[in-house]
Amino acid sequence: MTSQPTLNTAGEQESGLQAGLKNRHLSMIAIGGVIGAGLFVGSSSGIATAGPGILLSYALVGTLVVLVMRMLGEMSAANPTSGSFSAHADRALGSWAGFTIGWLYWFFWVVVLAVEATAGAVILEGWVPAVPQWAWALIVMVVLTATNLASVGSYGEFEFWFAGIKVVAIGAFIVIGGLAVFGVLPGVDSEQAGLGNLTDHGGFLPHGAGAILTGVLLVVFSFMGSEIATLAAGESEDPQRAVTKSTNSIIWRIAVFYLGSIFVVVSLLPWDSKAITEKGSYVAALDSLGIAHAGQIMNFIVLTSVLSCLNSGLYTASRMAFSLGRRGDAPKSFARTTPRGVPRTAIIASVVFGFVAVFFNYKFPDSVFLFLVNSSGAVALFVWLVICFSQLRMRRIIQAEAPEKLVVKMWLYPYLTWATAALIIFVLGYMLTDTEHDGRETVLLSLLVAAGVLVIAFVKDKVKGKTRTEAEAEAEAEVEPTVGA
């Protein structure tokens, strides 16, 4: 007979999360996680900066992400957990590392909630102007909060369809665009579309090789989300299989969806075409194919991506908060779950901060909200760096304790891990030289926030250590008379 979990007054339990995600959910979360709204919206600035050479920027960042996800996959396959890299850092580097990177990651995603809710509200207001923008942002946030509160299965189902639409849309774009590039699709201007666009307008690198690194700064953050599958795996039927599958498929996912689609864009149109900067890269590409209502089609795809990002952002933030609560790095209430296995308090706390950030976006867009966005901007690189250092130590721990759990292994360990860490540090250093695209401000503000969280982590550890010492002393004092008797 199995014991039933004890419920508290709020109807919550301590038993933890439940395996409510199916294999198809995990597969689509893994695929859709690498396709963010930033790919559709932000690629035009990267193309304008680096020309066709933006392909090298995407390839460089894509390679970096593949290596980092391989390290994370190694650790998560051996120990699937909702805390993912934060929990691994806690064990490998110390509680200060798990605390710091966990809260920074939570902070990043709750700010993203506000950014994406506002982006979605802009599109929806354009379709239904009778409803004000702030109301659309509120509606979107409330609906997706409700789906996350219902069950992890409802989150998975919504994400399955959101990600499915993105995948089908970008897949169709690559196929149709590819046919046009190679002259197979009828009705397309063969003089404008073709591989010649890669070299005929100032060369493949019209602004020089240095533009590749500048392009890296512009595209690196659109890759954030690749790690969501490792957090979600803890609530799947077979966590180890889910992590292994998503880790092994990351290479083709990035190659197809990022490099494939950007290759089509810069081949269909000259990189310096005004249409790319005025309409956006994907809208301009669709227009060049003679597809009617290209702008509205792309708005629908972007809205789907925004909703997907919101849905996953709330899920990710709440699971990180749940993990922090379980480890004593957040209020204990964050670690409690409803009978359906939903960390209700963690979800509500995350969405409340998201609502506050949305308010700042409308009330103080150029001061408070801008600070929030910039101060969370480099968190992706911090997370990847912590994953590198965690894997260096965690590999030794796993080999010593349970070598059979190393079903996913980082290539050329430890040399490739060190090389990846060095590349991330180089990118952060290069950002400090970038004043044109706010790279320096982003890194400095993110470091400032990280330093603040790190100080809190050390203070917490010191207080906890002091409390533990006092408790041990009291226990010894109580035991001594008994021993003496």
Side-chain angles (χ1 to χ4, degrees), residues 30 33-34 57-81 83-102 104-105 108 213 216 219-221 223-231 233 240 243-255 258 378-431 443 446-447 450 454:
V34 298
S57 301
Y58 274 104
L60 187 60
V61 180
T63 301
L64 183 63
V65 171
V66 167
L67 294 173
V68 170
M69 289 305 108
R70 186 75 185 182
M71 298 176 214
L72 181 56
E74 176 183 293
M75 296 185 288
S76 295
N79 182 30
T81 171
S84 189
F85 52 83
S86 175
H88 303 321
D90 190 291
R91 188 178 182 199
L93 305 176
S95 61
W96 63 270
F99 178 97
T100 304
I101 206 63
L104 285 175
Y105 190 69
F108 171 85
L213 290 176
V216 165
V219 306
V220 65
F221 305 110
F223 283 82
M224 194 67 165
S226 305
E227 70 293 330
I228 292 176
T230 63
L231 280 90
Q240 189 177 75
V243 170
T244 303
K245 188 176 179 181
S246 66
T247 301
N248 291 335
S249 65
I250 186 93
I251 296 176
W252 72 259
R253 286 185 274 137
I254 289 177
Y258 276 87
V379 166
L381 292 167
F382 295 166
V383 167
W384 296 346
L385 195 58
V386 167
I387 289 173
C388 292
F389 291 130
S390 298
Q391 190 266 339
L392 283 168
R393 178 162 172 74
M394 188 60 76
R395 165 70 77 89
R396 296 197 294 270
I397 294 174
I398 298 170
Q399 283 180 324
E401 296 180 355
E404 71 280 359
K405 290 186 176 181
L406 280 172
V407 294
V408 176
K409 289 186 177 181
M410 176 59 183
W411 306 296
L412 298 176
Y413 170 84
Y415 308 109
L416 205 48
T417 301
W418 279 112
T420 305
L423 180 57
I424 295 169
I425 293 171
F426 173 77
V427 172
L428 283 168
Y430 188 77
M431 287 179 71
V443 172
S446 296
L447 284 172
L454 190 60

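Nothing fancy with the numbering, it's 1 onward along the sequence. Only heavy atoms go into these numbers, but all of them, side chains included; no hydrogens, no water, no symmetry mates.
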Closest non-hydrogen atom pair between R393 and A92, with its separation: CD-O, 2.7 Å
R91 to I397 - nearest heavy-atom pair and separation: NH2-CG2, 3.5 Å
For L385, the option from I101, I425, L423 that meets side chain to side chain contact (heavy atoms under 4.5 Å, CB included): I425
Parallel, tilted or perpendicular: which fits the ring planes of F85 and Y105, with parallel below 30° and perpendicular above 60°? perpendicular
Check: A97 main-chain N/O paired with T100 side-chain donor or acceptor under 3.5 Å: no
What is the distance from atom CG of L104 to atom CZ of F99, rounded to the nearest 0.5 Å? 9.5 Å
Do the ring planes of W418 and F389 sit parallel (below 30°), tilted (30 to 60°) or perpendicular (above 60°)? perpendicular
Minimum heavy-atom separation for V408 to A77, with atom names? CG2-CB, 4.1 Å
Going from CZ on F382 to CZ on F108, what distance comes out if it is rounded to the nearest 0.5 angstrom? 12.0 Å
Between R253 (side chain only) and S226 (backbone N and O only), is there a donor and an acceptor less than 3.5 Å apart? no
Got a sec, which pairs hit salt bridge (Lys or Arg N to Asp or Glu O under 4.0 Å) with one end in residues 409-425, sequence neighbours left out? none
Verdict with supporting geometry, L381 and M431, side chain to side chain contact (heavy atoms under 4.5 Å, CB included): CA-CA 11 Å; L381 292 167; M431 287 179 71; 3.6 Å; yes
Is S86 reaching over with its side chain to a backbone N or O of G83, donor-acceptor style, under 3.5 angstrom? no
Just verifying a value: how many Å separate I254 CD1 and M69 CE, rounded to the nearest 0.5 Å? 8.5 Å
Atom OH in Y413, atom CE in M71: separation rounded to 0.5 Å? 11.0 Å
Closest non-hydrogen atom pair between A87 and T81, with its separation: CB-CG2, 3.8 Å
Residue that, paired with L231, satisfies side chain to side chain contact (heavy atoms under 4.5 Å, CB included) out of S84, S76, P80: S84
Among T244, L406, V243, which residue meets the side chain to side chain contact (heavy atoms under 4.5 Å, CB included) test with E74? L406
Mind checking the CD1-CG spacing from I387 to L67? Nearest 0.5 Å is all I need. 12.0 Å
Identify the heavy atoms of W411 and L416 that sit nearest to each other, and give their distance. O-CB, 3.4 Å
Reference residue Q391; test side chain to side chain contact (heavy atoms under 4.5 Å, CB included); the match among T417, L72, V68, I398: T417
Walk me through whether T420 and W384 qualify under side chain to side chain contact (heavy atoms under 4.5 Å, CB included). CA-CA 9 Å; T420 305; W384 296 346; over 6 Å; no
Could you go through the side chain to side chain contact (heavy atoms under 4.5 Å, CB included) check for R70 and N248 one step at a time? CA-CA 8 Å; R70 186 75 185 182; N248 291 335; 3.0 Å; yes
